[in-house]
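Residue numbers start from 1 in every chain, and the chains themselves are labelled A, B, ... in the order their sequence lines are given, proteins ahead of strands.
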Amino acid sequence: MIYHHLILRVVTKVLVGTIILFALYVQFHGDFSPGGGFQAGVIMAVAFIIYGIVFGLRNVKRVFPEWLVHKVLALGVLIYAGTGIYAMFMGYDFLDYDALSPAHPTSGQHWGLLIIEFGVGVTVTGVMVAIYYAFAGRPPSISNEDW
Amino acid sequence: MADTAQIVEHTARTFRDHLPVLQVLVPFCTAPLIVLLGSRRLAWPLAFIASAIALVISFIMLMDVREGGMLTYTMGGWAPPLGIEYRVDAANAFVLLLISLIGTVVLPFAYASFRDEIKSRDHTLMYACWMLCFTGLLGMVATGDAFNVFVFLEISSLSTYVLLAMGADRDRRALTAAYDYLIMGTIGATFFVIGLGMLYMATGTLNMADMADRIADQGMNRTVRSGFAFIIVGMGLKVAMFPLHLWLPKAYTFAPSAVTVFLSATATKAALYVVMRFTFSIYNPDFAFATNTLEIIFIPLAVIAMFSASFVAVFQTNFKRMLAYSSIAQVGYMLLGIALLTDTSLTAAILHMFNHGLTKALLFMGVGAYVLRANGSFYTQIAGLGRKMPITTGAVVIGGLSLIGVPGTAGFVSKWVLVQAALERAPENAMFLAIAVAIVLSSLLAVVYVWRAFEVLYLQEPDPNSTATEAPLMMLIPMWILAGGCIWFGFSTDLLHDTAAQAANGLLQGTKGMMVLTGQGGAH
Amino acid sequence: MSKLLDLQFLAGHAHYLLFIVLMMTGLFIVVDKTNLVKKIVGLNIFQVSVFMFYVSIGKVSGGTAPIFPMDDKYHVDKDALLGIAYSNPLPHVLILTAIVVGIATTSLGLALIVRIRESFDTIDEEDILNIEQDMTRADNQKHGNAMGGPA
């Protein structure tokens with residue numbers, strides 16, 4: 001049994017799930033209320049970061065390994081660009097969401113925005129977690145008092 | 001979202017229509033692709049293929065708009081002025097060609113240079129950053145929406161800071177150089193945003209053509225004028241205009257060699273293009289003339305840059321640092337071309353952008369070869385290498401002659417046109433005659449510092465312990481391609497001169513030149 | 001006297017004064033402080049003032065949040081749509097972009113500071129300048145003075 005920071009550990013375990021759920025809510029309600037990809041990505045990253053702060057970098061890297069973070073980062077950008085390129089293949093302009101559903105342009109716009117915001121959210125999550133890993137993963141060569 | 005099925009009238013786009021966006025999209029998608037694949041062996045080929053495709057696209061676009069007219073592209077199908085559009089006319093296409101040409105030619109050089117200077121586990125991410133920098137520069141130039149310029153400016157700047165900092169493996173001063181450039185560059189970009197905000201307040205639009213239209217309607221008021229001031233200062237920092245140039249010597253000296261080659265030939269030129277676009281197309285030339293901005297501010301600063309930077313370059317002991325100071329002086333020439341406000345002088349400025357890009361890239365490639373073989377770029381380290389590395393130094397000699405402006409090289413053509421432009425305006429004011437003399441005098445200073453390099457390379461005894469041999473083929477071929485370009489464009493000037501003249505004409509027409517607002521795609 | 005103290009003008013333009021104060025504070029911190037982290041903080045303050053400047057552009061007097069009114073079935077209520085004044089959402093979008101750029105710049109600056117700390121053992125600008133001057137002096141001794149010297 002681990003007794004150090006017991007309250008922190010218990011509360012974090014409860015919070016992490018709620019934070020991820022809230023992030024997904026913000027992500028998909030971007031067109032009805034303030035929200036969208038960037039905000040949701042940051043909130044989602046917070047879930048991983050708070051887990052990393054309380055439980056240690058090694059443990060959070062078992063959940064979200066570093067190589068996966070970098071791949072997810074790139075994948076989000078490619079999802080965004082991919083939607084645009086798909087529109088180009090369909091004969092429309094780059095990022096013209098009408099291409100996603102030519103018969104119902106409004107529906108196409110709706111879907112297009114959802115997909116690109118998803119890409120943005122994924123990338124931002126990856127970036128924030130990667131920044132955290134980069135900073136936290138560097139071993140300090142001097143003790144904190146010497147700063 | 002159920003509405004009755006409606007087939008919307010729509011003409012399918014062809015490949016040629018998509019060219020303006022593909023120019024930016026191809027490198028932009030390559031960067032995450034390189035990261036996703038994560039393989040060091042695939043990184044360089046992917047980067048090279050993307051750059052080559054970008055080069056071909058920019059060449060096709062230049063051929064399309066060479067005689068006048070422009071290519072437009074609406075992003076997402078939203079018509080301007082509400083939507084973002086990409087506009088490529090002669091000035092644009094010229095700079096795009098320069099950037100993609102240098103980007104492609106430098107990559108084989110970078111392959112050999114990175115293997116020596118940078119830890120191999122960083123290579124994949126280096127190429128990804130390189131592609132992002134490339135994207136940012138291309139996007140900055142290709143776009144026709146003012147805020148889009150800021151977005152791509154920051155993409156290119158952030159990747160530049162990373163690329164610069166990678167020089168820390170050789171010399172830790174690269175880190176502070178990157179940090180200083182970060183602080184200064186961010187302040188510059190934020191000033192640009194402030195200026196843009198003022199313009200948005202005054203005109204209500206971000207589309208460059210529409211903004212030009214509305215400013216012409218409005219006339220001058222304080223908001224528009226202070227917006228201009230902020231934009232010029234913000235972009236001037238990126239251009240390395242005289243008092244705002246302090247980041248450049250350190251950044252170019254301590255960056256990895258291939259990075260310096262790429263940045264010296266493209267980054268300041270792209271920012272200078274933005275300055276030209278804002279000064280001439282968005283704000284009319286009459287505005288700049290009426291407020292005497294160009295005469296009172298640009299001309300003195302340009303002349304001071306030309307002389308002071310050349311003087312400092314004369315006294316350097318490091319070849320790379322000397323070339324960095326020389327860059328600041330050459331930017332002074334381009335600013336002078338802008339400030340003289342005639343067709344000829346603007347042609348000279350645009351020509352000099354291209355020629356100086358070729359020349360500086362060639363010279364910094366020579367430096368990179370010396371760093372590879374002689375492990376340094378100080379004059380004491382490269383002494384006598386002219387005899388041990390004859391092919392490399394031959395290319396460096398051609399670059400040096402082009403930098404001075406010897407007839408028969410590309411550098412001569414642009415300086416000649418610039419002097420011509422100054423003499424054209426000489427009858428109205430003796431100051432312009434003095435400016436023409438100043439141009440010639442500072443070229444004489446260039447003779448001094450370039451000749452010093454030649455003397456070190458050829459007339460001094462090499463270090464007896466040096467094991468320098470000829471540079472590898474992957475470095476020699478790009479160098480001689482650029483050297484050949486310097487000589488070719490020194491003799492066959494028509495293509496470049498006519499394109500630059502067309503570009504200058506388009507820019508000087510001011511808001512009228514922007515008014516070819518149309519619907520979707522295609523040349524006009 | 002009333003021309004100097006045009007209260008209506010001041011009340012309408014007071015927020016610009018706030019932006020300028022913040023902007024100059026940020027710039028002053030960047031220039032004055034020698035600690036590298038504090039410079040980044042100053043840069044952030046400078047950028048925040050610009051964000052606020054943009055957001056203030058978007059406000060339309062009497063305008064509400066630019067979100068379509070919904071009826072019970074989550075369809076756009078077209079009748080209520082007409083008659084509402086909306087604030088301009090475009091500056092907000094521009095600022096989102098600028099905020100993200102600011103975050104990227106800050107994290108990059110901080111990463112550079114970490115590397116500088118590991119390399120130079122200090123993050124005070126003056127100490128770093130001294131170290132670099134020593135390095136330059138050593139270079140000059142080895143490779144010749146910048147003023148004259150060999151060649």
Side-chain angles (χ1 to χ4, degrees), chain B residues 1-2 82 147-148 150-151 153-155 157-159 161-162 164-165 168 171-187 189-191 193-194 196-198 200-201 204-206 250 312 314-318 321-322 376-381 383 452-453 455-456 459-460, chain C residues 19 23 26-27 30-31 36 39-40 42-44 46-47 49-51 53-54 56-58 75 88 90-91 93-95 97-98 100-102 104-109 111-120 123 125 128-129 131-132 135-136 139-140 142-151:
Chain B
M1 299 286 143
L82 284 180
F147 199 76
N148 221 346
F150 168 68
V151 172
L153 171 72
E154 283 299 285
I155 293 180
S157 299
L158 287 173
S159 6
Y161 308 146
V162 174
L164 287 181
D171 190 330
R172 55 189 179 153
R173 282 173 285 185
L175 294 172
T176 47
Y179 181 83
D180 287 339
Y181 186 22
L182 185 145
I183 299 280
M184 288 194 229
T186 310
I187 295 181
T190 315
F191 268 46
V193 170
I194 297 176
L196 204 53
M198 295 198 185
Y200 181 66
M201 281 207 300
T205 175
L206 288 171
K250 274 183 74 175
V312 177
V314 167
F315 293 111
Q316 294 305 310
T317 46
N318 187 335
R321 206 178 171 102
M322 180 271 275
S377 57
F378 282 97
Y379 284 147
T380 49
Q381 290 170 314
R452 192 170 167 210
E455 190 218 358
V456 167
L459 299 179
Q460 285 199 355
Chain C
F19 303 149
M23 219 183 271
L27 273 182
V30 171
V31 171
L36 295 183
K39 282 181 194 283
I40 299 275
L43 202 60
N44 270 9
F46 176 53
Q47 286 177 321
S49 82
V50 176
F51 302 157
F53 172 53
Y54 263 73
S56 79
I57 296 176
H75 291 161
N88 190 356
L90 182 62
V93 171
L94 302 180
I95 285 314
T97 311
V100 175
V101 167
T105 310
T106 306
S107 64
L108 188 55
L112 278 174
I113 293 178
V114 168
R115 287 288 301 271
I116 290 179
R117 178 66 176 83
E118 289 173 1
S119 231
F120 286 85
I123 55 171
E125 188 196 20
I128 293 177
L129 272 174
I131 296 177
E132 289 194 350
M135 286 174 81
T136 317
D139 274 341
N140 278 349
K142 201 166 144 209
H143 299 290
N145 252 331
M147 302 288 285

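- Within the 4.5 Å cutoff, the side chain of C:Phe53 has heavy atoms near those of the B:Met201 side chain.
- Under the 4.5 Å side-chain criterion, counting only non-hydrogen atoms from C-beta, B:Glu154 is not in contact with C:Thr97.
- Counting heavy atoms from C-beta outward, B:Val193 and C:Phe51 have side chains that stay 4.5 Å or more apart.
- Using a 4.5 Å cut-off between heavy atoms, B:Asn318 makes no contact with chain C at all.
- If you measure heavy-atom distances from B:Leu206 to chain C, the contacts under 4.5 Å come from the side chain alone.
- In this structure, the portion of C:Ile128 lying under 4.5 Å from any heavy atom of chain B is its side chain and not its backbone.
- No other option in C:Met135, C:Lys142, C:Glu125 has as many heavy-atom pairs under 4.5 Å with chain B as C:Met135.
- The shortest side-chain heavy-atom distance between B:Thr186 and C:Phe46 does not fall under the 4.5 Å cut-off.
- For the residue pair B:Leu158 and C:Ala104, the shortest heavy atom distance occurs at CD1-CB, 3.7 Å.
- Only the side chain of B:Phe147 comes within contact range of chain C, with at least one heavy atom under 4.5 Å from a heavy atom of that chain.
- Chain C forms more heavy-atom pairs under 4.5 Å with one residue of B:Val312, B:Asp171, B:Leu459, B:Leu196 than with any other, namely B:Leu196.
- Here CD1 of B:Ile194 is found 6.0 Å from OG of C:Ser49. Values are rounded to the nearest 0.5 Å.
- For chain B, the nearby parts of C:Ser119 are the backbone and the side chain; heavy atoms of each come within less than 4.5 Å.
- In terms of heavy-atom pairs under 4.5 Å with chain B, the best-connected choice from C:Leu94, C:Val50, C:Thr105, C:Asn88 is C:Leu94.
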Check your understanding: What do the steps show when you test B:Leu175 against C:Ile113 for side chain to side chain contact (heavy atoms under 4.5 Å, CB included), and what is the final call?
Key -> CA-CA 8 Å; B:Leu175 294 172; C:Ile113 293 178; over 6 Å; no
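- For a residue to count as touching a neighbouring chain, one of its non-hydrogen atoms must lie under 4.5 Å from one of that chain's; by this rule C:Phe120 touches chain B with backbone and side chain alike.
- Ring orientation note: the planes of B:Phe378 and C:His143 are close to parallel, at an angle under 30° on the 30°/60° scale.
- In terms of non-hydrogen atom pairs under 4.5 Å with chain C, the most contact-rich of B:Gly197, B:Ser157, B:Ala165 is B:Gly197.
- Proximity to chain C is limited to the side chain of B:Val151, based on heavy atoms less than 4.5 angstrom apart.
- Your options are C:Val30, C:Leu90, C:Val100, and the one with the most heavy-atom pairs under 4.5 Å with chain B is C:Leu90.
- Both the backbone and the side chain of C:Thr136 come within contact range of chain B, with heavy atoms under 4.5 Å apart.
- Between B:Arg173 and C:Asp139, at least one side-chain N (NZ, or NE/NH1/NH2) sits under 4.0 Å from a carboxylate O, which counts as a salt bridge.
- Contact of B:Ile155 with chain C is not made at all, since no heavy-atom distance falls under 4.5 Å.
- Looking at C:Ile116, C:Leu36, C:Ile131 one by one, the single match for side chain to side chain contact (heavy atoms under 4.5 Å, CB included) with B:Thr176 turns out to be C:Ile116.
- Looking at C:Leu27, only its side chain comes within 4.5 Å of chain B, counting heavy atoms on both sides.
- C:Met23 touches chain B through its side chain: at least one heavy atom from C-beta onward sits under 4.5 Å away, while N, CA, C and O do not.
- In this structure, the portion of C:Leu43 lying under 4.5 Å from any heavy atom of chain B is its side chain and not its backbone.
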